[in-house]
Protein chains: 2
Amino acid sequence: MALGSGLQTGLQTGLQTGEIVRDGLSRQVADQLRAAIRDGQLKVDDRLPNEEDLAKHFGVSRPTIREALKILAAQNLIRSRRGPAGGTFVSRPDPQGLGEAIADAATLLVGTGDIDVEEMLTARAETEAVCCRLAAAARTEEDLAALRAEVALQRDESLRDEDFCASDVRFHRALVQATHNQPLKLMMYAVIESFIPVTNMLIYREHERRRSVDLHDQITEAIAAGEGARAAELMGRHLEGMRDLLNATLDRRAAGRTG
Amino acid sequence: MALGSGLQTGLQTGLQTGEIVRDGLSRQVADQLRAAIRDGQLKVDDRLPNEEDLAKHFGVSRPTIREALKILAAQNLIRSRRGPAGGTFVSRPDPQGLGEAIADAATLLVGTGDIDVEEMLTARAETEAVCCRLAAAARTEEDLAALRAEVALQRDESLRDEDFCASDVRFHRALVQATHNQPLKLMMYAVIESFIPVTNMLIYREHERRRSVDLHDQITEAIAAGEGARAAELMGRHLEGMRDLLNATLDRRAAGRTG
DNA sequence: ATTAATCTATTTGTCAAACCTTTTAATCTT
DNA sequence: AAGATTAAAAGGTTTGACAAATAGATTAAT
């Protein structure tokens, strides 16, 4: 779309009195462009006018436009390329990118202690149980192969702890993938990319790994057999074990601090 | 923290050869500041140096710094205030803000048809069932009051459709709140702020509203009685009904288009 | 004639130096 | 002591310029 057609500007400049300006011009420009994208005025892969024209259109300077574009780019709504055939384009909304953003934010929340570990494990247990049930019904042979590959990898006792944890994340990612449910996948990104690493960082030691692998194995085979309820039950047991381990670890740390 | 202490700059300028520059300077500055926040070098409510000093520190111009700050502000990592006691500060990570970002993106995904409505309803059914079970165990009297208030509001048949839908969203929000599980709340934002409105937009008509209210009512009372399984089952039935309605609506639209 | 190298125009990326607006706090006045 | 004034600090915005990248046209060499 040419943009010039329907898009109203109507920015609130500092000169107007009494109005509550919801922040600066760049924010307002970004909001308007975002709205245009959301409402379909600007479709995926549409090219926006160049920055100078945008500046003219909105009646602001180019740096202001650029700040606005950076905001939208940070939200993965647009992308820019230089050159004659370059410009700024509307991005296809990307579950992957969104997931990373969620994971980033969730990691921060966990890091600042705003998220209680008990609650986190409960959330994991419940939502991953859901994944187990759905995966048992929808999994393909490829999904099973992916799950089994991680289990096999995890059986290697010479694997370094960090590689084990990485494999653990991939296992759970594969589990979600096996549900073939996009919206669920979106929601689970926070769990997979953030909660799981946090959990793992706290507890893994050598002799506990074997227990985790065994449960991963059993969960995989339950899903292979289409036994969703059993897979969900195993996952619950898996996380129950983690909860105990975690509490023991936290107790030990607390004791070390006071003693 | 004073920032000047430990933060390395090491930007990849255009002059260096061979290196793959992952985009512009503002992006790199934003990445470094983000890393400093993530790693705890910059703590919540810490004040960053002013823009001019940041520009000097990173060896870039002020507009470039501003673009970087806009990126971080767009991700709710920092906030800025003007004036002598103003400046740029590290924000407390905010589930609310994160939720809105998730909702925005999810809305786009649904809008572009990248999310299948069937899958969405499945995801809703499963995750909201989880909420029902946990809410039944953890709900307080205030939670119940909030749920009942929405049910009461929804019984008013003179309520406009959009107000009904808004109340519906609040009902589900209150349901999640009643679980008292922060991580789950985080995950459910995508559902509440995006999937629910999308669902509602498609289907609500007057005589269907009564059925929804009745189920909301029964779900609330099941949670009040601590009967999580029953609440979950009712929620499943609620969404099953929506699925039928939705399919009927879509069929009708398809027929209208071809006929 | 075909291919390779070069030029050119376009567009984003960056910089520099101002000026404007908002906000706080110190100072002055009453 | 209370209120009004004012100066300084910080972010917000503008202007104007130049740098870098790149697609496409042009030109030179084979």
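Computed from a predicted model, the values in this text were never measured in an experiment. Lettering of chains follows the sequences in order, A, B, ..., and the numbering in each one begins at 1.
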Run the side-chain hydrogen bond (donor to acceptor under 3.5 Å, both in side chains) test against E118(A) and tell me which residues pass, sequence neighbours left out.
R243(A)
Spacing of R79(A) atom CZ relative to dT11(C) atom C1', expressed in whole Å
15 Å
Is any side-chain heavy atom of Q28(B) less than 4.5 Å from a side-chain heavy atom of L33(B)?
no
For the pair D31(A) and R34(A), find out whether any cationic side-chain nitrogen is under 4.0 Å from an anionic carboxylate oxygen.
yes
Sorted by first residue and then second, give each salt bridge (charged side-chain N to carboxylate O under 4.0 Å, His left out) pair with at least one member in residues 80-92 of chain A; sequence neighbours left out.
R92(A)-D114(B)
With the criterion being N/O to N/O and under 3.5 Å, what pairs connect the protein with nucleotides 7-14 of chain D, and how long is each?
{"from": "dA10(D)", "atom 1": "OP1", "to": "R47(B)", "atom 2": "NH2", "distance (Å)": "3.1"}
{"from": "dA10(D)", "atom 1": "O4'", "to": "G83(B)", "atom 2": "O", "distance (Å)": "3.2"}
{"from": "dG11(D)", "atom 1": "OP2", "to": "E51(B)", "atom 2": "N", "distance (Å)": "3.1"}
{"from": "dG12(D)", "atom 1": "OP2", "to": "R66(B)", "atom 2": "NH1", "distance (Å)": "2.9"}
{"from": "dG12(D)", "atom 1": "O4'", "to": "R82(B)", "atom 2": "NH1", "distance (Å)": "3.2"}
{"from": "dG12(D)", "atom 1": "N7", "to": "R62(B)", "atom 2": "NH2", "distance (Å)": "2.7"}
{"from": "dG12(D)", "atom 1": "O6", "to": "R62(B)", "atom 2": "NH1", "distance (Å)": "3.2"}
{"from": "dT13(D)", "atom 1": "OP1", "to": "L25(A)", "atom 2": "N", "distance (Å)": "2.5"}
{"from": "dT14(D)", "atom 1": "OP2", "to": "S61(A)", "atom 2": "N", "distance (Å)": "2.9"}
{"from": "dT14(D)", "atom 1": "OP2", "to": "S61(A)", "atom 2": "OG", "distance (Å)": "3.0"}
{"from": "dT14(D)", "atom 1": "OP2", "to": "T64(A)", "atom 2": "OG1", "distance (Å)": "2.8"}

Are the side chains of T179(B) and K185(B) in contact, using a 4.5 Å heavy-atom criterion?
no
